[in-house]
Every structure is written in C-alpha cells, then in structure tokens.
Amino acid sequence: MLDINFIRQHPEKVSLMLEQRQQGEDIAKLNQLLDFDKERRELIKQSDDLKALRNKVSKDIAVIKRSGQGSADDLIQQMKEVADTIAGLDEQLKQLAVDIEEILLSLPNKLHDDVPVGASADENVVWKEKMDFQHDLDFKLSNHLDLGRKLGILDFERGAKITGAGFPLYKGKGARLERALINFMLDVQTGQNGYTEVMPPLFVNQDSLRGTGQWPKFADQVYYMNEDNLYAIPTAEVPVTNMHRNEILDAGELPLCYAASTPCFRREAGSYGKDTRGFLRVHQFNKVELVRYSEPEHSYEALEQILANAESILHALEIPYRVLLLCSGDISANATKCYDIEVWAPAEEQFLEASSCSNFEDYQARRASIRYRPKDGSKPAFVHTLNGSGLATSRLMVALLENYQTPEGTIRVPEALQPYTGFSLID
RNA sequence: GGAGGAUUAGCAUAAUUGGUAAUGCAGCAGUCUUGAAAACUGCCGGCUUUACGGCCUUGGGGGUUCGAGUCCCUCAUCCUCCGCCA
C-alpha cells in the first residue's frame, strides 16, 4: 500500500496515477481517505490529551492510597468519566482506522516514470523481440492439443473427469518433459543465476495474501478452503514474499534471491470462453518463481536482472519470444513497472504470456512489514520486493511442442533438456 | 483430538495483595588514544511534535478496573506427554 504521509502530502500525484491506470473513479475514494485521515488526527490529539491526564491522576491516586492519608474517591470518580470519554473517542478512532485501512489496501501502487501512459493492453510497448531461433516449420502445423492427444502425453479430457476443466493430466513422456522443464529451470536459476531454492507451503493464510496484495482485491481469484480458513497459492510469490513478513533484515543480507517451483492454482473467475483451450488458460499449472528482496536504491537493476534470468531459459531452450513493457492501463495494481515475456506459439499464431517481471517497490513491504536496517543502529526502512516467473511451464509447454514439432507429428527435445528427459524425441 | 507448560526490545533475564515495564549482553555515536581495546557518557520498540513534550507497546484480539506484564475470556505459535495417522 501507499504511505499515508505521501498521500497526504501529494494527493495530486495519487489522483494522476489513478487516472493513468484508468481508475479515475477511485479519486472519490482518495478524497474520502483524506477526510478520514484529517478527522482521525484530530481525534487522536483529543484522546491522547485525556490519556495523559488519566495517567497523571492515576499516579496521584496511587500516591494517596499508598500514604493512607486522605481520600482518592473524588479523583477516582472524575477519572471514571474521563475513561468513558476516552472509550468513546477510541471507539470512533477504531472505526476510522478500519475505514482508512480499507481504502489504503485498495489503492494501487505508484507508477515508475518509464511506464508508458496508455489506456489498455493495446498500448503496451514491444520492448524487445528475439525471434531468430531456427525451427524448420515449413509444413502444416498442429497445435499443442492435437500433438498432445496424438502422442498420448497430455490428456485434458481425463483431467476434466478427475477434477474439472482446466486441470491438466500429463502422461508418459509428457509428465517426464514437464518434470525435466522444472528441474532444468531450477538448476539454471540456482546454479548460474544465484538464487536460493525454497520449497514453500502451498496453502497460505489471509495475512499472507494481504501482504502481497491478492487480498482483498483479487480474493475471488483464489481457491479457498473453508474448513481451515486457508487459500491455495495462486503463485509462489505469495509464500516466498511472505517468508520475511514482520521481520527486520540486516542490510548485509540483501539482496535476498529465492527461486521456488510450485504448482499455482487460479480460479480464473470471469474469464471463461476466452482462450480456454488446453493449456492456454488452466486452473492449475507449474511455475518456477523468482523473488528478490532488494535495497530500494538497487531495485530497478534487480528488475532488469530478473528479466534477464527469465530470458536465459528461453535462450537455452531456443524458443522465440518478445518482451513487452506494460503501459499504465494494463500493469497490475501492485507493480510500479512490469515486463511481460510472451513466447511464440506458431500453430496458435499468437504470443502467449509466460512470465511477468515486476518491481513492487515498498508496496508489498509496507503491507507485509518487511524492513531492513540500512546501517547498524539506524531506523528500519522498507525493502523493495520484486518477482518474475522464470517461467510458467504451461504456456512454455505450448511453445515448446509447437516449435519443436516435426512433419511426422513427433516432437524433438531441445538439447538443453535432453539430460533431464533422458530421450531426444517424443513419438 | 485431549492434558499440562511457555511467549516481555536483536538476544538473555526481572517486575510486592494490580500502582503504570527494570537490568545485562550485543549494536550505534561521542570522550580518551598514534590507532584499537578498556573505561566513561549518550542513544539503543513505534507514532506524533519545529521543539519541549505527549500517546502507544509485555505473542494477537477482547473484558474487568481510576489504573493490567500481573485477574478473566478467546485465538495463534512453541515445548512436554497421551491418542490417531502416511
């Protein structure tokens, strides 16, 4: 969330940001917030003054009682009334704090100056294209659904029977290929790119969702287990960024770089009917997630590094892709700046999002209270958090199958993966 | 699932029948020193205030009270034991 002090001092910057994010209607909420904040500060002053009086008189009462001389009854009677007044003020303050918190949690992050202003995804900027990987595709192409079915490696029908639509079942060489991809990506990120591997819980509590920003805004996108009041993770970002919730880190520990492979669960409510075939949109998929905790002054270098780390996978697998710099109207509410990596699926004839690399600055750190001491003995300051997929396997699998298919309907395995699969051809 | 115990600042330890959080270590700054150590002084949870000061803070939430680390309720986590279990 944003710093209430920043909002109070620069309300015009916040409303400009809301307009650029196509959320101009939220400016009313902003004004409401400022009113609440003003009222709250006035009430705090009143309440604090009365508390100071009460503390002082309570000490006097203690002195009288201890000495055994004189009666404190009058003072106690007065303080009863003061206590009632305080209780009334604090009741109002409590409600105001709730109202303020609700608005604060719902306001999106600042935007970085690099972010192009635009109304929708159409105005995202193509930042980079890397299409020059050579695949001989001069024949009638099959899409990943047909390839998966013919080769017996993907079975969406049975996945649907077991659970429901959007829960894929991998079989034989398909399952092995998926496992190879995950292991390969983890090895690259932990070996060459310097990340520490973590294997986090797959269910999280509500505090964790709030910490990373999925709660309250995107609560309807997360699977919820009512009996135990837990949520299935929509991305490893949630458990891994919450590892250090309510902690004060030493400056020497930063940057912290974590890589985690987990399944991700998403309800995708409201998106039925669009690109739902096969892997294009699923409720469960696997992803290697990269998470960094950075000192504020280095977080934009860290963002470029995460992007490069994610790209390194596609270079090794020789899969064509492009990088988008998201515009103000398309970037997620939590991020100040975000790159999307889209892989090219030649049979679908479209780019598919396989990674999103974002800087959140102190937006999540403030929600989750993740701080560090810039120097020994100095005041704690919020860290910057970042993450990027490196990468999501579902869309990557589509691009891999479609780019590596042969005229015979078989799939070649990229050289980098062969040590992991143990075979070089899926037939 | 059941029984008992525990939770105080980065760490470790105190706090009369309820009287308003004490101390040590570590850390930071300074004095001293060629430099360092030692010693000494100050700082050493959060918010607020130009400042003086004020308020809040004993795992979270609630209650009793003029006043709660202390009494009551509730939740969480950890430890010990019993039961169940891959």
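Order of the sequence lines fixes the chain letters, A, B, ..., with proteins taken first and strands second; residue numbering starts at 1 for each chain. Only this structure's heavy atoms are used, side chains among them; waters, hydrogens and symmetry mates stay out. Note that the structure is predicted; figures quoted are calculated from it, not measured.
Remark: the separation of the C1' atoms in B:G19 and B:U13 is 23 Å, to the nearest Å. With both ends at atom P, the span from B:G60 to B:G46 equals 16 Å, rounded to whole Å. Remark: the separation of the P atoms in B:G1 and B:A9 is 30 Å, to the nearest Å. Taking atom C1' in both B:G67 and B:A51, the straight-line distance is 31 Å, to the nearest Å. Nucleotides B:A26 and B:A12, compared at atom C1', are 10 Å apart to the nearest Å. Comparing the P positions of B:U80 and B:C73 gives an interatomic distance of 26 Å, to the nearest angstrom. When the P atom is used for both B:C47 and B:U57, the distance is 15 Å, rounded to whole Å. For the C1' atoms, the distance linking B:G45 with B:C11 amounts to 15 Å, nearest Å.
Remark: B:A37 base-pairs with no nucleotide in the shown strands. Criterion, Watson-Crick or G-U wobble with two distances under 3.5 Å. Nucleotide B:C81 forms a pair with B:G2, judged by Watson-Crick or G-U wobble geometry with both contacts under 3.5 Å. Nucleotide B:U64 forms no Watson-Crick or G-U wobble pair with any nucleotide shown, as no partner meets the under 3.5 Å limit on both distances. Across all strands shown, B:U23 forms a Watson-Crick or G-U wobble pair, both distances under 3.5 Å, with B:A12. Remark: B:C44 base-pairs with no nucleotide in the shown strands. Criterion, Watson-Crick or G-U wobble with two distances under 3.5 Å. With a 3.5 Å ceiling on both atom-pair distances, B:A51 lacks any Watson-Crick or G-U wobble partner.
Residue contacts shown for A:Lys65 include a base, since a base heavy atom lies under 4.0 Å away. Heavy atoms of A:Lys94 sit under 4.0 angstrom from primed sugar atoms or phosphate atoms, though from no base atom.
Remark: P of B:G45 and CZ of A:Arg371 are 12 Å apart, rounded to the nearest angstrom. The CG atom of A:Asp49 sits 16 Å away from the P atom of B:G53 (whole-angstrom rounding). Distance CD (A:Gln9) to P (B:U48): 10 Å, rounded to an integer number of Å. Put simply, NE2 on A:His244 is 17 Å from P on B:G10, counting in whole angstrom units. Rounded to an integer number of Å, the gap from A:Leu89 CG to B:C55 P is 15 Å. In this structure, the CG atom of A:Leu75 is 16 Å from the C1' atom of B:U65, given to the nearest Å. One can place CG of A:Asp48 at 13 Å from C1' of B:G46, the figure rounded to the nearest angstrom. In this structure, A:Gln206 atom CD and B:G61 atom P are separated by 16 Å, rounded to whole Å.
Taking the side chain as every heavy atom from C-beta outward, A:Gln23 and A:Leu107 never approach each other to under 4.5 Å.
The residue among A:Ala62 and A:Pro380 whose nearest nucleotide of RNA chain B lies closer to the 5′ end is A:Ala62. Map A:Ile248 and A:Lys56 each onto its nearest nucleotide of RNA chain B; the residue landing nearer the 5' end is A:Ile248.
Applying the 6.0 Å contact sphere to CD of A:Glu353 captures more than 12 heavy atoms from other residues, nucleotides or ligands. Around the CG atom of A:Asn5, the shell of radius 6.0 Å holds more than 12 heavy atoms that belong to other residues, nucleotides or ligands. For CD of A:Glu415, the number of neighbouring non-hydrogen atoms (other residues, nucleotides, ligands) closer than 6.0 Å is 12 at most.
In this structure, the ring of A:Tyr372 has its center no less than 6.0 angstrom from the ring center of A:His384. Checked against the 6.0 Å centroid criterion, the rings of A:Phe265 and A:Tyr231 do not qualify as a close aromatic pair.
Between A:Asn246 and the phosphate of B:G59, there is no side-chain N or O to OP1/OP2 separation shorter than 4.0 Å. In this structure, A:Asn55 reaches the B:C55 phosphate: one of its side-chain N or O atoms is under 4.0 Å from OP1 or OP2. In this structure, A:Arg41 does not reach the B:U48 phosphate: none of its side-chain N or O atoms is under 4.0 Å from OP1 or OP2. A:Lys80 has a side-chain polar atom (N or O) that falls below the 4.0 Å cut-off from OP1 or OP2 of B:C66.
For the residue pair A:Glu289 and A:Tyr258, no side-chain donor N or O sits within less than 3.5 Å of a side-chain acceptor on the partner.
In this structure, of B:U20, B:C56, B:G10, it is B:U20 that holds the atom nearest to the side chain of A:Lys59.
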